[in-house]
Structure formats: C-alpha cells, structure tokens
Engineer: 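I have a structure I would like to understand better, so I am pasting it below and will then ask my questions one at a time.
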There are 2 protein chains.
Amino acid sequence: MDATSADSAPRDGEPHPGGKLTRERMLACALEMVDREGIDKLSMRGLARALGRDPMSLYRHAANKADLLDGVAETVLAELTVDPNDTDWVAQLRAVARQFRRIALSHPHVVPLLVTRPLATPLALRPRGTLRPLEDILALLTQAGFSGADALHIYRALFGFLHGHILNELQEIVENPEETDDLLRLGLHRLPIHEFPNLRGLASVLASYDGASELERGLDILLAGLPTATTSAT
Amino acid sequence: MDATSADSAPRDGEPHPGGKLTRERMLACALEMVDREGIDKLSMRGLARALGRDPMSLYRHAANKADLLDGVAETVLAELTVDPNDTDWVAQLRAVARQFRRIALSHPHVVPLLVTRPLATPLALRPRGTLRPLEDILALLTQAGFSGADALHIYRALFGFLHGHILNELQEIVENPEETDDLLRLGLHRLPIHEFPNLRGLASVLASYDGASELERGLDILLAGLPTATTSAT
DNA sequence: TCCCGTAGACCTACGGTGTAGACACCAGTC
DNA sequence: GACTGGTGTCTACACCGTAGGTCTACGGGA
C-alpha cells in the first residue's frame with residue numbers, strides 16, 4: 001500500500017513531505033515568510049499552510065505567537081558571531097558592528113522585532129541565543145582589561161548606537177525609484193515650501209545616503225570617545 | 001422632551017456625552033489606552049467602546065488602523081519642542097535630547113511606534129507633526145553655520161543615538177521588584193553559570209542602571225565627536 | 001420654500017485571527 | 001498487554017479590521 005517514501009510516512013500517501021516538523025524548520029519557514037511579505041502578514045494559519053500542516057501543530061513547538069516571533073528574532077541574531085578571545089577589542093567590536101549591519105540589511109522586516117521584542121521581556125527570560133552576543137562581548141572586554149561595569153557600559157553604547165543606526169538606515173525609502181529628479185524621487189514636492197524649506201532643500205543630500213560610511217563615522221566617534229569615558233584599558 | 005444637555009444633542013437622551021467626535025479626542029483616548037494596556041491591546045472596537053461610539057465612526061477620522069497608530073505617534077512627538085533660534089546649538093540639542101527622553105519614558109508603550117513606524121512610510125508621506133522636529137533642527141544648525149549636509153548628518157546622529165538609548169533604557173525590566181538580592185531580583189539565577197559567567201556576575205551593575213546619567217555621557221561623547229567629524233562651525 | 005450635497009454616525013456582514021480543549025495516533029518502556 | 005508522553009488533528013469560540021449601505025441633520029443655493 002505504501003509508496004516510494006522512506007520510513008517516515010505513517011500510513012496515507014506521503015502526508016508530510018519532509019518528515020517530522022521541528023522547531024528549526026518551523027522558524028526557518030517563518031523567517032522566510034517574514035522576509036518575503038513583512039511581519040504582520042505572518043499568521044499562524046498561513047505559516048501552517050506553508051508547512052503543509054494543521055495550524056495547531058505549531059503550538060507543539062512554540063508556546064504562542066509571541067514565542068514564535070522571539071524565535072524568529074533569535075534565529076536571525078544567531079548569525080552574529082563574536083570572538084571573545086580577540087586581543088584587539090576595538091577591531092573585534094568593529095567587526096561585530098559590520099556583521100550586525102549586514103544581517104539587519106538582509107532581513108529588514110525582522111529589525112522591528114530585534115529592537116522591540118526585548119522591551120517586553122526581562123533580560124533573564126529572553127531567548128538564550130539573544131544573550132549570547134552580550135555574554136561574549138563582556139568576556140572580550142573583561143579580557144581586554146575593562147571592569148565589568150565598564151564592559152557593560154560599552155556593550156550598551158555599541159548596541160544602542162547600532163540599533164539607532166540601522167533604524168536610520170532602513171528609513172531611507174525611495175518613493176519613485178524611476179524618477180530622476182531627487183525632489184520628485186523622494187516625494188518631497190508634496191511638502192509645503194514655506195513650512196519645510198530646509199528639508200526640501202536637502203533632496204540631493206537625502207538621496208545620496210551611504211549607510212556603510214555612516215556606520216564607520218559613527219564607530220569612529222564612539223570608539224574614540226569610549227575609552228576616555230571609562231577607566232581606559234590598553 | 002430634551003434634557004439638561006447643551007445644543008449638541010440631536011434628539012435621544014444624551015447619546016454622546018461630550019458632543020461631536022474629533023480626531024484629537026479620538027487620538028487622545030487611543031493614547032490613554034495604549035499607555036494603560038500596551039499597543040496590541042488597542043483595537044478599533046475597543047477604542048470605539050471607550051468613546052461610546054460605533055466602531056465604524058472612527059473611520060471618519062482615520063483612514064485605517066495604521067493611520068490611527070501614526071496619529072498616536074504624532075500626538076506624542078508633538079510634545080517635543082525645538083527652538084530653531086537658539087544661538088547655542090549644543091545646548092539646544094541637549095535640551096531636545098532630555099525632552100525626548102522624558103516624553104518617551106512617560107509613554108513607554110508608544111516607543112515601539114516611534115522607532116518603528118517610519119520604517120513603513122517614505123519620509124515625505126509621514127505625518128507632518130513627525131517632520132517638524134527635523135525641519136526645526138535643520139534650521140537651528142544651518143543658522144549656526146553648518147552646511148545642509150552636515151546639519152542632516154548631525155540630526156541623524158542625534159536621533160539615532162536617542163532611539164538607541166531609549167530602547168536600551170526601556171529594556172531595564174525588573175522581574176521581582178520585592179526581592180532584595182540583585183541576582184534574584186533580575187531573575188539571573190535562571191541562567192546556567194558555566195554558560196553566562198560574566199552576565200551573572202554583573203547583577204549589581206545591571207540593577208543600578210541610571211538612564212539619565214547614561215544619556216548625558218552619551219551626549220558628551222557624541223557632541224564632542226561631531227564637530228570634528230564635520231566641517232566644524234562656531 | 002424646496003432641493004440637494006455633504007458630513008457624521010450607525011448597522012450588518014464577511015473573511016480573517018489566535019488559541020483553548022478534546023481526541024487520535026504512535027514509539028517506547030515496564 | 002498496559003501505560004505514558006510526545007505529536008498531529010479537528011472543532012469551536014471570541015475577537016478582529018473594515019467594505020458597503022443606510023439614516024439623519026445641516027447648510028447653502030434656487
């Protein structure tokens with residue numbers, strides 16, 4: 001009675017294409033959907049449809065929708081790797097920053113989750129994968145000679161800046177990409193001239209935003225200023 | 001037949017307590033609900049209930065729910081005032097930063113809206129009240145001698161930092177406020193010791209976070225570093 | 001005076017949502 | 001064989017955002 005399938009199909013003709021459903025597969029599929037259609041198009045039912053399962057199956061692997069979203073954020077953040085043994089802490093932080101930017105830009109729809117979910121959960125209850133970069137950066141900085149308090153301070157300054165920067169960068173949305181005139185491209189002609197003279201005058205500058213170099217300039221300022229604001233090390 | 005009410009009641013006995021519904025009243029009520037119960041407890045139907053109207057009435061004053069949320073964010077941001085004629089631009093930016101922090105802390109549930117809504121809308125289509133601070137700060141900085149490009153750069157750096165800072169500060173959630181031991185207060189005892197030694201060791205530092213002074217230190221670094229990163233003025 | 005346009009409020013209804021609760025099935029272990 | 005715990009499924013409930021249509025009051029020409 002059974003078809004060509006391996007030992008995973010229970011009885012009917014191939015009900016579940018790829019064997020058992022795991023949390024990882026569920027999260028991967030959810031991430032893919034979010035990347036494609038944005039965060040509020042993700043529904044439990046839609047996700048189940050994409051996986052070919054019953055919607056209620058998902059609740060075996062996530063307590064509720066919030067938990068699923070936490071999982072998606074954790075999946076993305078897991079791409080971030082920190083080397084706590086790097087002896088050049090400045091270089092390592094720069095590397096982390098660039099990595100973070102790259103990850104955020106490749107999952108723009110997840111960014112609201114990344115910056116927003118921690119507001120709802122006490123630190124110790126957050127997904128473990130979310131705390132990993134924090135722990136590793138603390139290790140990096142204490143090995144570099146900073147006190148725990150200063151290390152924490154630097155972590156906060158760095159990620160505060162990173163979150164702010166990425167929110168800035170993702171706001172650069174062009175309204176009419178095919179238009180050549182910057183004012184029209186950005187839709188700024190809609191603003192009344194006498195109320196927003198400065199803003200309208202900056203069309204060309206707005207249009208030429210360069211996120212990568214903006215990040216570097218910010219890092220320059222931050223990393224130059226940090227040691228003097230703490231009891232400096234090395 | 002009519003009761004004590006003023007000239008606003010049409011016929012039945014006092015159908016609408018306070019006269020006609022306006023966008024301002026609707027937004028004020030929405031803001032109050034969000035402040036009280038958080039953002040995802042706000043529904044059109046619930047809001048209508050609180051206002052004593054039919055749910056569909058709200059659509060006379062907001063195109064849809066997203067527009068309503070934009071309105072709430074705009075209402076909050078309207079509390080922010082910038083004096084573009086201040087001759088001391090550094091002091092003025094500091095004042096704006098402190099104001100922003102105060103506003104954000106008094107409406108913590110709106111913060112996700114403040115940092116997140118702009119990601120969905122091109123700059124020129126955002127609510128006007130949202131663009132006001134930008135325009136005013138550009139005016140302030142160009143009057144101080146900065147080029148338009150540098151002014152925009154400084155605005156971005158400031159608000160990037162502010163958003164990052166406030167997201168940081170609002171993450172400080174105490175799990176068991178009545179507990180005296182910091183480790184238990186923050187729930188850090190739940191983390192495995194061998195996986196998160198540094199983080200667990202920082203319980204006391206985490207518990208004594210001071211947002212106000214953190215903001216000031218960040219501003220010191222930022223405002224000291226900015227002029228050298230641009231073609232400095234005054 | 002009549003007429004008409006418009007703005008505000010309301011009602012109904014549709015197709016979606018998250019998820020509680022109960023039940024069926026299976027693999028292992030005693 | 002009986003029991004147990006993880007997994008999948010089905011049904012059902014309460015709620016959501018909002019399209020479409022209707023009723024009423026009001027203001028301004030004609």
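Numbers restart at 1 for each chain; the letters A, B, ... are given by sequence-line order, proteins then strands. Note that these values count all heavy atoms, side chains included, but never hydrogens, waters or copies made by symmetry.
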Engineer: Regarding B:Arg49, tell me which of base, sugar-phosphate or nothing describes its non-hydrogen contacts under 4.0 Å with the strands shown.
Structural biologist: sugar-phosphate
Engineer: Going by atom types only, do B:Asp35 and B:His107 share a side-chain donor-acceptor pair under 3.5 Å?
Structural biologist: yes
Engineer: If you only use heavy atoms from C-beta on, which nucleotide in C:dG18, C:dA9, D:dG17 is closest to the side chain of B:Leu21?
Structural biologist: C:dA9
Engineer: Using ring centroids (six-membered ring only for Trp), state whether A:His163 and A:Phe100 fall under 6.0 Å.
Structural biologist: yes
Engineer: Is the side chain of A:Asp181 donor-acceptor paired with the backbone N or O of A:Leu184 at a distance under 3.5 Å, no angle test?
Structural biologist: yes
Engineer: Applying a 4.0 Å non-hydrogen cut-off, can you work out what A:Ser57 is touching in the nucleic acid: base, sugar-phosphate, or nothing?
Structural biologist: base
Engineer: Tell me whether the guanidinium CZ or amine NZ of B:Arg132 lies under 6.0 angstrom from the six-membered ring centre of A:Phe196 and within 45° of its axis.
Structural biologist: yes
Engineer: Given atom NZ of A:Lys65 and atom P of C:dA20, what is their separation to the nearest angstrom?
Structural biologist: 15 Å
Engineer: Using atom OH of A:Tyr59 as one end and atom C1' of D:dG6 as the other, report the distance to the nearest whole Å.
Structural biologist: 19 Å
Engineer: Output yes when at least one side-chain N/O atom of B:Arg60 is less than 4.0 Å from OP1 or OP2 of C:dG8, else no.
Structural biologist: no
Engineer: Stem list for DNA chain D, please, built from Watson-Crick and G-U wobble pairs under 3.5 Å and keeping only runs of at least 3.
Structural biologist: C:1-30 with D:1-30
Engineer: Let me know the distance between CZ of A:Arg53 and P of D:dT7, rounded to the nearest Å.
Structural biologist: 12 Å
Engineer: Can you measure B:Lys20 atom NZ to C:dA7 atom C1' for me and round it to whole angstrom units?
Structural biologist: 7 Å
Engineer: Between B:Lys41 and B:Ala63, which residue's closest nucleotide on DNA chain D lies nearer the 5′ terminus?
Structural biologist: B:Lys41
Engineer: Within this structure, what is the CG-to-P distance between A:Asp40 and C:dG18, rounded to whole angstrom?
Structural biologist: 11 Å
Engineer: Go nucleotide by nucleotide along DNA chain C from the 5' end; which of B:Asp54 and A:Leu42 gets its closest nucleotide reached first?
Structural biologist: B:Asp54
Engineer: How many whole angstroms separate atom CG of B:Asp67 from atom C1' of D:dT18?
Structural biologist: 14 Å
Engineer: Using only heavy-atom distances, determine whether the side chains of B:His153 and A:Glu214 contain a donor-acceptor pair under 3.5 Å.
Structural biologist: yes
Engineer: B:Met56 side chain: which of C:dG18, C:dA22, D:dA19 is closest?
Structural biologist: D:dA19
Engineer: Between B:Asn64 (CG) and D:dC16 (C1'), how many Å, whole number?
Structural biologist: 14 Å
Engineer: Using whole Å, what does the distance between atom C1' of nucleotide D:dT9 and atom CG of A:Leu51 come to?
Structural biologist: 15 Å
Engineer: Out of D:dG8, C:dT19, C:dC11, which nucleotide sits closest to the side chain of A:His61?
Structural biologist: D:dG8
Engineer: Verify, without hydrogens or angle tests, whether B:Ser57 (side chain) and B:Arg53 (backbone) share a donor-acceptor contact under 3.5 angstrom.
Structural biologist: no
Engineer: Determine whether any donor atom in the side chain of B:Arg45 lies under 3.5 Å from an acceptor atom in the base of D:dG17, or the reverse, and answer yes or no.
Structural biologist: yes
Engineer: Side chains of B:Arg126 and A:Gln171: donor-acceptor distance under 3.5 Å anywhere?
Structural biologist: yes
